[in-house]
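So the structure is just underneath, and the comments pick up after that.
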Amino acid sequence: MGWIGEQIDSIKSLQFRQILTQAVSLGMIVTSALIIWKALMCFTGSESPVVVVLSGSMEPGFKRGDILFLHMSDDPIRAGEIVVFNVDGREIPIVHRVIKVHEQKDTGEVDVLTKGDNNYGDDRLLYAHGQLWLHRHHIMGRAVGFLPYVGWVTIIMTEKPIIKYVLIGILGLLVITSKE
């Protein structure tokens, strides 16, 4: 009958108490992951402490699929720093380098202009219509470290959702059929 048949037989033989124990274990794993994510948010000061580079606009420094670790502090942003920012009207954050800093004399606030290392021009075409500078609230964090290529898992699961559903199904089946 094969592996799938054995798994189905295993599910049929489970008692209610075992299923409940497995469900609670799965819930604890998910809750632990959320707690760790929230703790990272508090520690780094960033709404998203980890992001995946989704394009080649920052090559050769960062390649598509690299994972960046972010930190956001109250220190002023300087030219040359790599920041991750959200633009009004776009859902996906962008990873680019600050090329100009503009300090407003009256308020002391710092606005920045960004550019991808592999792009020809600055990012004003990416910003919202009529926006010339990024403001502090647009910036999610500064890049403080990275892991090369690890983010490809996220990219593949986003671009090919069937792979994500198959993996979730297999993991769910393993959790349910585990006898411990």
Side-chain angles (χ1 to χ4, degrees), residues 27-161 163-164 167-168 171:
M28 290 176 61
I29 291 169
V30 170
T31 303
S32 297
L34 290 173
I35 289 171
I36 290 169
W37 183 259
K38 288 293 185 181
L40 281 172
M41 287 174 63
C42 292
F43 177 71
T44 64
S46 175
E47 64 188 76
S48 181
V50 178
V51 295
V52 176
V53 178
L54 299 175
S55 75
S57 66
M58 285 301 292
E59 289 183 2
F62 298 116
K63 294 179 177 41
R64 187 169 191 243
D66 290 353
I67 288 185
L68 297 181
F69 300 103
L70 305 182
H71 186 269
M72 191 64 186
S73 63
D74 291 333
D75 298 336
I77 296 169
R78 300 289 175 220
E81 289 185 315
I82 295 170
V83 295
V84 177
F85 60 91
N86 275 326
V87 176
D88 298 332
R90 293 180 182 240
E91 293 181 23
I92 299 174
I94 300 171
V95 178
H96 281 174
R97 187 179 304 276
V98 175
I99 57 170
K100 286 186 183 177
V101 177
H102 174 72
E103 185 173 349
Q104 296 177 1
K105 300 280 187 213
D106 53 343
T107 63
E109 290 186 27
V110 175
D111 298 332
V112 298
L113 179 64
T114 57
K115 176 187 172 295
D117 290 354
N118 201 20
N119 294 350
Y120 291 110
D122 62 40
D123 289 342
R124 288 187 172 149
L125 293 174
L126 296 175
Y127 300 163
H129 182 70
Q131 183 179 356
L132 299 177
W133 299 88
L134 288 177
H135 307 293
R136 182 80 174 191
H137 70 273
H138 292 115
I139 297 173
M140 297 170 59
R142 300 177 173 106
V144 294
F146 77 103
L147 279 174
Y149 307 114
V150 177
W152 271 105
V153 173
T154 302
I155 292 173
I156 289 169
M157 284 198 232
T158 302
E159 291 179 354
K160 306 237 187 275
I163 294 173
K164 175 173 46 178
L167 285 175
I168 289 172
L171 289 173

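As the structure is a prediction and not an experimental result, all values here were calculated from the model. Atoms considered below: every heavy atom in the structure, side chains included; atoms not considered: hydrogens, waters and symmetry mates.
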Self-check item: side-chain hydrogen bond (donor to acceptor under 3.5 Å, both in side chains) partners of residues 60-70, not counting sequence neighbours, each pair once
Solution: R64-E159
Quiz item: How far apart are the closest heavy atoms of L126 and R90, and which atoms are they?
Solution: O-NE, 3.4 Å
Self-check item: Minimum-distance pair of heavy atoms, taken over all atoms of L40 and P49
Solution: CB-CG, 3.7 Å
Practice problem: Enumerate the residue pairs fulfilling ring pair (Phe, Tyr, Trp, His ring centres under 6.0 Å) with a member in residues 72-131, sequence neighbours excluded, ordered by first and then second residue. | Solution: H102-W133
Quiz item: Would the number of heavy atoms belonging to other residues, nucleotides or ligands and lying under 6.0 Å from CD1 of I92 be above 12?
Solution: no
Exercise. Report the distance from atom CD of E59 to atom CG of N118, rounding to the nearest 0.5 Å.
Key: 6.0 Å
Exercise. Keeping to residues at least two apart or across chains, list the salt bridge (charged side-chain N to carboxylate O under 4.0 Å, His left out) pairs with something in residues 144-156.
Key: none
Exercise. Could you list all the side-chain hydrogen bond (donor to acceptor under 3.5 Å, both in side chains) pairs where at least one residue sits in residues 27-50, not counting sequence neighbours?
Key: none
Quiz item: With sequence neighbours left out, what residues match I99 under side chain to side chain contact (heavy atoms under 4.5 Å, CB included)?
Solution: L113, K115, D122
Quiz item: What pairs with K164 under side chain to side chain contact (heavy atoms under 4.5 Å, CB included), at least two apart in sequence or on another chain?
Solution: M157, I168
Quiz prompt | Listed partners of I77 passing side chain to side chain contact (heavy atoms under 4.5 Å, CB included), at least two apart | solution = M72, E81, V83, V98, V112, R136, I139, R142
Exercise. Supply the atom-to-atom distance T114 OG1 to R124 CZ, rounded to the nearest 0.5 angstrom.
Key: 9.5 Å
Quiz item: Looking at residues at least two apart in the chain, or sitting in another chain, which of them share a side-chain hydrogen bond (donor to acceptor under 3.5 Å, both in side chains) with D111?
Solution: Q104, H135
Self-check item: Under the side chain to side chain contact (heavy atoms under 4.5 Å, CB included) test, residues paired with S55 that sit two or more places apart
Solution: S57
Exercise. Answer yes or no: does atom CG of D74 have more than 12 heavy-atom neighbours from other residues, nucleotides or ligands under 6.0 Å?
Key: no
Quiz item: How would you list all residue pairs meeting ring pair (Phe, Tyr, Trp, His ring centres under 6.0 Å) that involve residues 43-75, not counting sequence neighbours?
Solution: F62-F146
Exercise. Could you go through the side-chain contact (heavy atoms from CB on, under 4.5 Å) check for E109 and D106 one step at a time?
Key: CA-CA 8 Å; E109 290 186 27; D106 53 343; over 6 Å; no
Exercise. Give, for atom CG of N86 and atom NE2 of H138, the distance between the pair rounded to the nearest 0.5 Å.
Key: 8.5 Å
Quiz item: Rounded to the nearest 0.5 Å, how far does CG of D123 lie from CD1 of I94?
Solution: 6.5 Å
Quiz item: Looking only at heavy atoms, what is the nearest atom pair of V84 and P93, with distance?
Solution: CG1-CB, 3.7 Å
